[in-house]
Amino acid sequence: MQNAQIAAIFDRVADLLEFQGANPFRLRAYRNAARTIGDLSEPVAAILADESRSLTDVAGIGDDLASKISTLIETGTLPLLDDLLAKIPASVLGMLRVPGLGPKKAAALYKQLQIESLDQLREACEAGRVRELKGFGKKTEETILEGIDLAAHAEERIYWAEADELVQSLLAHFAKLDCIRQIEPAGSYRRGRETVGDLDFLVDSDAPGRVMDCLAEYSETDRILARGETKMSIRLVGGLQVDLRVVPADLFGAALQYFTGSKDHNVVLRGMAKQKGLKINEWGVFRTAEGDDSYVAGAKEADVYAALELPCFPPELREARQEFQWAHEGNLPQLVEIADIRGDLHMHTTATDGKATLEEMVEAAIARRLQYIAITDHSKRVTMANGLDARRLRAQWKEIDALRDQYGGFTILKGIECDILESGGMDLPDDVLAEADWVVASVHYGQNQSESQITDRILGALENPSVSAIAHPTGRLINRRKPYAVDLEQVLAAAARFGKLMELNANPARLDLDDVACAAAKRHRVPIVISTDAHSTRGLDVMRYGILQARRAGLTKADVANTRDWQELRGLIGKRPAYPTQELAGPTM
DNA sequence: GCCGTTTTCGGCCCGACTGTTTTCAGTCG
């Protein structure tokens, strides 16, 4: 059983316990464990199998949860979950997705009106039965009725790239206000998460009323959900919620820190503050000693962290994963930046399914100040994209030869995105691949095969001496297609063994390897190559989304292969151990 | 359910806003 499955089961247990009204701290223990395990860069099964280690070494996992994890790995089931499901039908959990319905109200509906599904909830609201319950009223009933439609889409989070468009539009809208001194988007957008569930804006102004009016007047504002002295929430026409907080300058840093989160990061932070006799909230850092509640810091975000003797963490790291430990050890990584990127090693042209010609792609790459690119059109198996056979590929390489003469200082690599066939093996003959400067291998077909089949196919590709990297290594499309079943641990171990690179595909719908998998690659000392997989000249601009994902994984410039010049990068391929980091504990075999 | 250089028991982050209430519980972030 994989980490993600164990995490999902613990989350489900937490949902059911919450519904039951269980001890909130017990609940939190399950939620914490779910997140910790989901974020772990190595399989818990591996920790369990290693006699020198214990699951209880993982923060937040005690004896009880460790034994539950063992049970899950050994038997695939958890008796506690079965017991809970025997008492509470899983369908009631859908009610928790209705905005305004929490565990208490949902439980009241279930117990007093026997409501088990959203359909039954709708009927009860329409019949006016919900308003009869104690603690409910007419208004609540209306809110629930509206929320039921939203609940169906509640799981849907938009791509960071889409969120960015909305953020830029809103910033432009606010720009006409002269009473705004500072404005910052916060929340998961600022942390660079691959998807965003709502938008948070923090504003420094002495005129909160005017700022809130401005948001209310935004052309895409559908309705106002709440509006108080300092805080306002609205829903956009598309359904996305926008939260706005307006504070004066001396509180801006504290509020920005608070609103950027993550929630878990803030919980840890406040716990640390408490130990130091301090209290942190969105209004600042305060001393809590008796008879003294004086303000310590709050104007700048860095001041808030400094008050706790912590570095001002890059927002991408604020997930309560390893950042506090890194800070404690003085090892906070210097994260990779877009300016570090020198080349792009995955892109298509009109020869297959790209929209721009070879020459247009070269021009566009030069305009973006890249030093080298690899042209990697599809191989023939991808008939839908008019994939290249050996003859057409060699013809393209001739064209590249001509362009190399034309664009002297710029490096154009002869590459191919070669399919890994369903039956295993590569889509082009070895002698052809051997002539290429750069070969990315990818799985496009047979994605429904078993984990062992797909893993074997990829392992086979890694063994091929001409293959340089595995492209979009899980095949997922966020919100649209699940990753195919693949044992990434085996793949990463093999990549390290053969000195191969792994791609982080920067397309906002792909972004695989994801942040957790990138951290796993780093653990295996496998270099990551961040590539755009551009199908047009504008497609080259998605690089920054890949950078955000890499930063969330804690990757540095040294961890990302295409921050090097091409000669140096080429030296990494086929070498073992893959590349030197700080101290090598010997090659991993 | 986890955790401990104050603790093996008794803590566990903190505040804004709403609706249904007459002082607060529930929800949310």
Side-chain angles (χ1 to χ4, degrees), chain A residues 10 13-14 17-18 21-36 55-69 80 95-109 130-144 147 154 186-191 196-202 208 212 224-235 241-247 251 254-255 257-286 288 304 308 320:
Chain A
F10 281 171
V13 167
L17 286 174
E18 186 173 25
N23 176 352
F25 298 106
R26 183 179 174 213
L27 203 115
R28 203 171 85 186
Y30 279 97
R31 293 235 188 268
N32 273 340
R35 206 178 51 82
T36 305
L55 277 177
T56 54
D57 295 338
V58 179
I61 308 292
D63 290 336
D64 183 89
L65 286 174
S67 100
K68 287 194 167 78
I69 293 168
L80 170 64
M95 284 198 273
L96 295 177
R97 288 204 298 272
V98 177
L101 268 193
K104 293 279 163 53
K105 284 202 160 82
L109 291 165
V130 169
R131 74 183 74 169
E132 311 280 311
L133 297 185
K134 187 170 190 292
F136 291 74
K138 191 161 180 291
K139 188 88 187 183
T140 306
E141 196 175 72
E142 285 168 11
T143 310
I144 291 173
S188 54
Y189 169 81
R190 183 164 181 244
R191 299 200 311 279
V196 171
D198 62 8
L199 298 180
D200 302 286
F201 282 90
L202 189 70
M212 289 184 192
I224 294 167
L225 300 172
R227 179 171 172 163
E229 297 279 312
T230 62
K231 217 175 128 177
M232 177 178 183
S233 295
I234 61 131
R235 190 155 53 231
Q241 185 171 327
V242 180
D243 296 325
L244 171 71
R245 189 71 171 258
V246 189
V247 299
L251 305 176
Q257 192 288 316
Y258 167 79
F259 252 88
T260 298
S262 67
K263 191 171 183 275
D264 296 301
H265 175 91
N266 286 353
V267 167
V268 174
L269 203 64
R270 290 184 208 150
M272 292 174 78
K274 208 164 186 176
Q275 291 200 326
K276 287 182 180 294
L278 298 169
K279 182 178 77 170
I280 298 185
N281 57 33
E282 58 259 62
W283 304 104
V285 184
F286 303 90
T288 51
V304 174
L308 274 78

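Each chain gets a letter, A, B and so on, in the order its sequence line appears, and its residues count up from 1.
Residue Phe136(A) contributes atom CZ, which lies 19 Å from atom P of dT18(B) at whole-angstrom precision. Following rounding to the nearest Å, Asp63(A) (CG) and dC2(B) (C1') show an atom-to-atom distance of 10 Å. Rounded to an integer number of Å, the gap from CG of Leu244(A) to P of dC17(B) is 11 Å. The NZ-C1' distance, from Lys139(A) to dC17(B), rounds to 13 Å in whole Å. Here the P atom of nucleotide dG19(B) and the NZ atom of Lys134(A) are 18 Å apart, to the nearest Å.
Closest to the Leu65(A) side chain, of the nucleotides dC14(B), dG1(B), dC17(B), is dG1(B).
Not one side-chain nitrogen or oxygen of Trp283(A) sits closer than 4.0 Å to the OP1 or OP2 atom of dC14(B).
With sequence neighbours left out, the side-chain contact (heavy atoms from CB on, under 4.5 Å) criterion links Asp198(A) to Asp200(A), Gln241(A), Asp243(A). Scored by the side-chain contact (heavy atoms from CB on, under 4.5 Å) test, Ala320(A) finds Arg35(A), Asp264(A), Val268(A), Glu323(A) as partners (sequence neighbours excluded). A search for side-chain contact (heavy atoms from CB on, under 4.5 Å) contacts involving Arg28(A) returns Phe25(A), Asn32(A), not counting sequence neighbours. Contacts of Lys231(A) classified as side-chain contact (heavy atoms from CB on, under 4.5 Å), with partners at least two apart in sequence or in another chain: Arg245(A).
Shown here, dG1(B) forms a base pair with dC12(B); the pair counts as Watson-Crick or G-U wobble because both key distances fall under 3.5 Å.
If Met212(A) and Ala59(A) are placed on DNA chain B by their nearest nucleotide, the residue sitting closer to the 5' end is Ala59(A). Mapped onto DNA chain B by nearest heavy atom, Ile61(A) and Lys279(A) fall at different nucleotides, with Ile61(A) at the one closer to the 5' end.
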task = Using a 4.0 Å heavy-atom cut-off, write out nucleotides 24-29 of chain B from 5' to 3' as B (base contacted by protein), S (sugar-phosphate only) or - (no contact).
result = --SSSB
query = Going 5' to 3' along nucleotides 7-12 of chain B, which nucleotides have protein heavy atoms under 4.0 Å from the base (write B), which only from the sugar-phosphate (write S), and which from neither (write -)?
reply = -----B
message = side-chain contact (heavy atoms from CB on, under 4.5 Å), that's the test. Do Tyr30(A) and Leu65(A) meet it? Break it down for me.
response = CA-CA 8 Å; Tyr30(A) 279 97; Leu65(A) 286 174; 3.5 Å; yes
task = Would you sort out whether His265(A) and Gln257(A) count as a side-chain contact (heavy atoms from CB on, under 4.5 Å), showing the intermediate values?
result = CA-CA 10 Å; His265(A) 175 91; Gln257(A) 192 288 316; 3.9 Å; yes
message = Using the rule given for side-chain contact (heavy atoms from CB on, under 4.5 Å), can you reason through Leu101(A) versus Ile144(A), listing the C-alpha separation, both sets of side-chain angles and the distance that settles it, and then say yes or no?
response = CA-CA 7 Å; Leu101(A) 268 193; Ile144(A) 291 173; 3.9 Å; yes
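dA16(B) sits 24 Å from dT21(B) when the P atoms are compared, rounded to a whole Å.
Note on Ile280(A): only backbone sugar-phosphate atoms sit closer than 4.0 angstrom, heavy atoms only; bases stay farther off. When heavy atoms are screened at a 4.0 angstrom cut-off, Thr143(A) is found touching no nucleic acid atom at all.
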